[in-house]
Participant: 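Have a look at this one before I ask anything.
Owing to the predicted nature of the structure, the values given are computational and were not obtained by experimental measurement.
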Amino acid sequence: MELSYILNELAEDRDEYFRAMAPPIVQTSNFGFKRVDELRAAFADEYSGWLYSRGLNPTVEILRKKLAALDGAEDCLVFNSGAAAIFAAVLANVKAGDHIVSVRSAYGWAKKMFEVILPRFGITHTYVKGTDIAEFQQATTQATTLYYLESPGSWTYELQDLKAIAVLAKQRSIITICDNSHCSPLYQQPIAMGIDLVLQSATKYISGHSDTIAGVLSGSSAVIERIFNSEYMNIGSGIQPFNAWLLLRGLRTLPLRLEQASQTALKVLTYLKQHERVEEVIYPLDPAFPQFELAQQQMKGAGGLITFVIKAASVDEVERFCESLKHIAMAVSWGGHESLIIPRCAGIPRAAFIAGSREHRMLRLYTGLEAADYLIIDLEQAFAAIRQK
Ligand SMILES: *Cc1c(COP(=O)(O)O)cnc(C)c1O
């Protein structure tokens, strides 16, 4: 299916709603029936029609069809957050006694699930760096039922060889789940590489305007229907119609935004690489990246996230750099219109900062839709501000 068709037309039945170009926000909790028979049929199978918006909703249906097509999947579910998509995907595929192999660089709340919630139900896990397929082979036990992947990973962007891992998993009937938030379906297609379930935080590039939280989970029709009828309905964290509409609007400009953020990232990367206060720059599509070849094979682009290690003698210097930025905002998340930065040292107590630690001096920058030079000038004056003290 053509990308332009998916984003601009697919699932939009305009004759149904006054031939409006923008789809309607069907902001309703419930749907009415004239006949008991029809109500009975809807009770018997909530997946078959309109009954109650915790299940199916017409605005969300338009979005689902587009997002599944983007992932190259048979079907998908849209959640009220990426975290809810992770929770449902994992919960739907484990039972007491099972073992999960997960990448260590997985999103923090996925790890909280593995470390805090699942052990209460007798489900164990092993973390691997994940850059070498042998690590998965070694960590797999008789009880392993799930490989949890995120490629590129958070902060330092470790990749997993998705095709090779999918082959290994299939040999052992292990389910694979991949968090694809970093690339979005435009830059990476895990399902085409053999991964069973792909998820993403739609809060990031799909929304693109820093105004909604959402998550997507895609896979085969059979698995998605099974998850709908249990975890999706039970957790009750399906996306609300208005938020679904915001994502539909975000989709219209997704390719442009992703392309712009990626091009700006490359310019800012070139600037950072030559800067005397920068020790290291990490970006999957930079030739210096340790897995550059694999990145080129399985990713079409790397988006706007860049991690760099600043040369700093103290936590004060890192903090002064961040606080001196005039346009790049200090905030979590990414994928929106605005450029953002987070210092890694914000995640540790101030007194625990070790100047010799590469990790403590890491900064994660997201380049948004501002002009590259505008961001470079901002970075330059912040570097100058460290020196001035
Ligand atoms: C943000 C993020 C999530 C969580 O998504 P929410 O929409 O914030 O719940 C999951 N994975 C990755 C890689 C993320 O960046």
Participant: Could you go step by step and tell me if F289 and Y157 meet the ring-ring contact (aromatic ring centres under 6.0 Å, His included) rule?
Facilitator: CA-CA 9 Å; F289 187 70; Y157 317 130; 7.3 Å; no
Participant: Side chain to side chain contact (heavy atoms under 4.5 Å, CB included) for D179 and L149? Distances and angles first, verdict last.
Facilitator: CA-CA 6 Å; D179 183 334; L149 314 171; over 6 Å; no
Participant: Strictly by side-chain hydrogen bond (donor to acceptor under 3.5 Å, both in side chains), give each pair with a member in residues 281-297 just once, sequence neighbours left out.
Facilitator: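 Matches after skipping sequence neighbours: K273-D286.
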Participant: Without swapping roles, check the side chain of Q274 against the backbone of Y271 for a donor-acceptor pair under 3.5 Å.
Facilitator: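 Pair found, side chain donor or acceptor close to backbone of Y271.
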Participant: Just by distance, with hydrogens left out, do H125 and S102 show a side-chain donor and acceptor under 3.5 Å apart?
Facilitator: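 The criterion, which ignores hydrogens and geometry beyond distance, is not satisfied for S102 and H125.
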Participant: With side chains defined as the heavy atoms from C-beta onward, is the minimum distance between K66 and L7 less than 4.5 Å?
Facilitator: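 Answer no - side chains too far apart.
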Participant: Restricting to pairs with a member in residues 241-264, which pass salt bridge (Lys or Arg N to Asp or Glu O under 4.0 Å), not counting sequence neighbours?
Facilitator: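 Non-adjacent pairs meeting salt bridge (Lys or Arg N to Asp or Glu O under 4.0 Å): E12-R252.
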Participant: Might you work through the side chain to side chain contact (heavy atoms under 4.5 Å, CB included) test for S105 and E150, ending with a clear yes or no?
Facilitator: CA-CA 7 Å; S105 57; E150 181 182 320; 5.5 Å; no
Participant: Under 4.5 Å between side-chain heavy atoms, hopping through other hydrophobics if needed: is there a path connecting I376 to L363?
Facilitator: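 Both belong to a single hydrophobic cluster.
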Participant: Salt bridge (charged side-chain N to carboxylate O under 4.0 Å, His left out) with E359: which residues, sequence neighbours excluded?
Facilitator: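 Partners of E359 by the salt bridge (charged side-chain N to carboxylate O under 4.0 Å, His left out) criterion, ordered by chain and then number, come out as R344.
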Participant: Would you say the side-chain atoms of N8 pair up with the backbone N or O of S4, donor to acceptor, closer than 3.5 Å?
Facilitator: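 Checking the backbone N and O of S4 against the side chain of N8, a donor-acceptor pair under 3.5 Å is found.
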Participant: Pairs in or reaching into residues 224-235: which pass side-chain hydrogen bond (donor to acceptor under 3.5 Å, both in side chains), with residues at least two apart or in two chains?
Facilitator: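 Matches after skipping sequence neighbours: N93-R226.
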Participant: Do the side chains of V90 and I123 get nearer than 4.5 Å, heavy atoms only?
Facilitator: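 Side-chain contact under 4.5 Å: no.
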Participant: Consider only side-chain heavy atoms of I, L, V, M, F, W and Y, link residues closer than 4.5 Å, and tell whether I86 and I224 are in one cluster.
Facilitator: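 Yes, it is one cluster - the side chains of I86 and I224 are joined through contacts under 4.5 Å.
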Participant: Determine yes or no for a side-chain-to-main-chain donor-acceptor pair under 3.5 angstrom, with T176 supplying the side chain and D196 the backbone.
Facilitator: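 Present.
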Participant: Using the rule that Ile, Leu, Val, Met, Phe, Trp and Tyr join whenever any side-chain heavy atoms are under 4.5 Å apart, tell me whether L63 and M1 fall into a single cluster.
Facilitator: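 In one cluster: yes.
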Participant: Between T307 and W155 (side chain of the first, backbone of the second, donor and acceptor by atom type, cut-off under 3.5 Å), is there such a pair?
Facilitator: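 Present.
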Participant: According to side chain to side chain donor-acceptor pair (under 3.5 Å), who are the partners of T367, at least two apart in sequence or on a separate chain?
Facilitator: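 Partners of T367 under the side chain to side chain donor-acceptor pair (under 3.5 Å) test: none.
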Participant: Kindly indicate whether the side chain of S262, heavy atoms from C-beta on, has any atom under 4.5 Å from the side chain of Y187.
Facilitator: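 In contact.
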Participant: Between Y127 and K111, is there a cation-pi geometry (under 6.0 Å to ring centre, at most 45° from the normal)?
Facilitator: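 Yes, a cation-pi geometry holds between K111 and Y127.
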Participant: Distance-only, no hydrogens or angles: does the K267 side chain make a donor-acceptor pair with backbone N or O of D373 under 3.5 Å?
Facilitator: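 Not a single qualifying donor-acceptor pair exists.
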Participant: Examine L186 and L217 and state if one hydrophobic cluster contains both, with Ile, Leu, Val, Met, Phe, Trp and Tyr joined whenever side-chain heavy atoms are less than 4.5 Å apart.
Facilitator: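 No: no chain of side-chain contacts under 4.5 Å links L186 to L217.
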Participant: If we ignore hydrogens and angles and just use 3.5 Å, is the side chain of H360 paired with the main-chain N or O of C345 as donor and acceptor?
Facilitator: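 It does not hold such a pair.
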Participant: Within a 6.0 Å radius of atom OH on Y52, are there more than 12 heavy atoms belonging to other residues, nucleotides or ligands?
Facilitator: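 No - once you tally the heavy atoms of other residues, nucleotides and ligands closer than 6.0 Å, there are 12 at most.
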Participant: With clusters defined by side-chain heavy atoms of hydrophobic residues (ILVMFWY) lying less than 4.5 Å apart, directly or transitively, does I341 cluster with L266?
Facilitator: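 Yes, because L266 and I341 connect within a single hydrophobic cluster, where side-chain heavy atoms sit under 4.5 Å apart.
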Participant: With a 4.5 Å limit on heavy-atom distance, are the side chains of F79 and I235 in contact?
Facilitator: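 Not in contact.
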Participant: Between A85 and V216, which heavy-atom pair has the shortest distance, and what is it?
Facilitator: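 Between these two residues, the closest heavy atoms are CB-O, 4.0 Å.
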Participant: Using the salt bridge (charged side-chain N to carboxylate O under 4.0 Å, His left out) criterion, which residues pair with D378? Sequence neighbours excluded.
Facilitator: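 Result, salt bridge (charged side-chain N to carboxylate O under 4.0 Å, His left out) vs D378: none returned.
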Participant: Measure the CD1-CD1 distance between I306 and I282 for me, rounded to the nearest 0.5 Å.
Facilitator: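 So the gap between those two atoms works out to 11.0 Å.
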Participant: What pair of heavy atoms forms the shortest contact from N180 to S151, and how long is it?
Facilitator: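 Heavy atoms of N180 and S151 come nearest at OD1-O, 4.3 Å.
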Participant: Can you check whether Y148 and F114 have ring centres sitting under 6.0 Å from each other?
Facilitator: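 Y148 vs F114: aromatic centres under 6.0 Å.
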Participant: If you compare all heavy atoms of I191 against all heavy atoms of S218, which two are closest, and at what distance to 0.1 Å?
Facilitator: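 So the minimum-distance heavy-atom pair works out to CD1-O, 3.9 Å.
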Participant: Under 3.5 Å, which donor-acceptor pairs do the side chains of residues 324-334 form with other protein atoms, sequence neighbours left out?
Facilitator:
{"residue": "S324", "atom": "OG", "partner": "R320", "partner atom": "O", "Å": "2.5"}
{"residue": "K326", "atom": "NZ", "partner": "Q381", "partner atom": "OE1", "Å": "3.2"}
{"residue": "H327", "atom": "ND1", "partner": "Y374", "partner atom": "OH", "Å": "2.8"}

Participant: Any salt bridge linking R358 with E280? Criterion: basic side-chain nitrogen under 4.0 Å from a carboxylate oxygen.
Facilitator: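 Here R358 pairs with E280 in a salt bridge, since their nearest N and O are under 4.0 Å apart.
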Participant: Report the C-alpha distance between D71 and C76 in whole Å, list the side-chain angles of each, state the deciding distance to 0.1 Å, and finish with yes or no for side chain to side chain contact (heavy atoms under 4.5 Å, CB included).
Facilitator: CA-CA 9 Å; D71 272 327; C76 78; 5.5 Å; no
Participant: Check this for me, if you would: do R40 and D45 make a salt bridge, where the nitrogen-to-carboxylate-oxygen distance has to be below 4.0 angstrom?
Facilitator: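 Result for this pair is no, no salt bridge flagged.
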Participant: For E317, what residues pass the salt bridge (charged side-chain N to carboxylate O under 4.0 Å, His left out) criterion, not counting sequence neighbours?
Facilitator: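 Counting only residues at least two positions away or on another chain, E317 forms a salt bridge (charged side-chain N to carboxylate O under 4.0 Å, His left out) with R277.
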Participant: Out of I165, I177, I175, which residue meets the side-chain contact (heavy atoms from CB on, under 4.5 Å) rule with Y147?
Facilitator: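 Testing Y147 for a side-chain contact (heavy atoms from CB on, under 4.5 Å) against I165, I177, I175 leaves exactly one candidate, I165.
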Participant: Could you pull out every donor-acceptor pair under 3.5 Å between side chains of residues 19-32 and any protein atom, sequence neighbours left out?
Facilitator:
{"residue": "Q27", "atom": "OE1", "partner": "F242", "partner atom": "N", "Å": "3.4"}
{"residue": "T28", "atom": "OG1", "partner": "N30", "partner atom": "N", "Å": "3.4"}
{"residue": "T28", "atom": "OG1", "partner": "N30", "partner atom": "O", "Å": "2.8"}

Participant: Check whether Q189 reaches the backbone of L70 with its side chain - one donor and one acceptor, N or O, closer than 3.5 Å.
Facilitator: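 Answer holds: yes.
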Participant: Once side-chain hydrogen bond (donor to acceptor under 3.5 Å, both in side chains) is applied, what residue pairs with a partner in residues 72-83 remain, sequence neighbours excluded?
Facilitator: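 Sorted pair list: Y47-D75, R64-D75, E74-S221.
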Participant: Enumerate the residue pairs fulfilling salt bridge (Lys or Arg N to Asp or Glu O under 4.0 Å) with a member in residues 81-99, sequence neighbours excluded, ordered by first and then second residue.
Facilitator: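 Sorted result for residues 81-99: K95-D98.
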Participant: Linking directly or through intermediates, with side-chain heavy atoms under 4.5 Å: list the remaining ILVMFWY members grouped with V167, chain and number order.
Facilitator: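 Direct or chained contacts put V167 with none.
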Participant: Hey, are the side chains of F292 and P284 touching, using non-hydrogen atoms and a 4.5 Å cut-off?
Facilitator: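 A side-chain contact under 4.5 Å is absent here.
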Participant: Between E46 and R54, is there a salt bridge with N-O shorter than 4.0 Å?
Facilitator: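 Salt bridge between R54 and E46, a charged N being under 4.0 Å from a carboxylate O: no.
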Participant: Evaluate the criterion side chain to side chain contact (heavy atoms under 4.5 Å, CB included) for residue pair C178 and L162; output intermediate values, then yes/no.
Facilitator: CA-CA 9 Å; C178 181; L162 297 179; 4.1 Å; yes
Participant: Got a donor-acceptor contact below 3.5 angstrom from the S173 side chain to the A169 backbone?
Facilitator: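 Judged by distance alone, no pair lies under 3.5 Å.
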Participant: Calculate, to the nearest 0.5 Å, the distance between atoms CG and CG belonging to N57 and L51 respectively.
Facilitator: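 Going from the CG atom of N57 to the CG atom of L51 covers 12.0 Å.
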Participant: Apply the test salt bridge (charged side-chain N to carboxylate O under 4.0 Å, His left out) to residues K129 and E158: give CA-CA distance (whole Å), side-chain angles for both, the deciding distance (0.1 Å), then the verdict.
Facilitator: CA-CA 8 Å; K129 189 176 176 205; E158 288 82 0; 5.4 Å; no
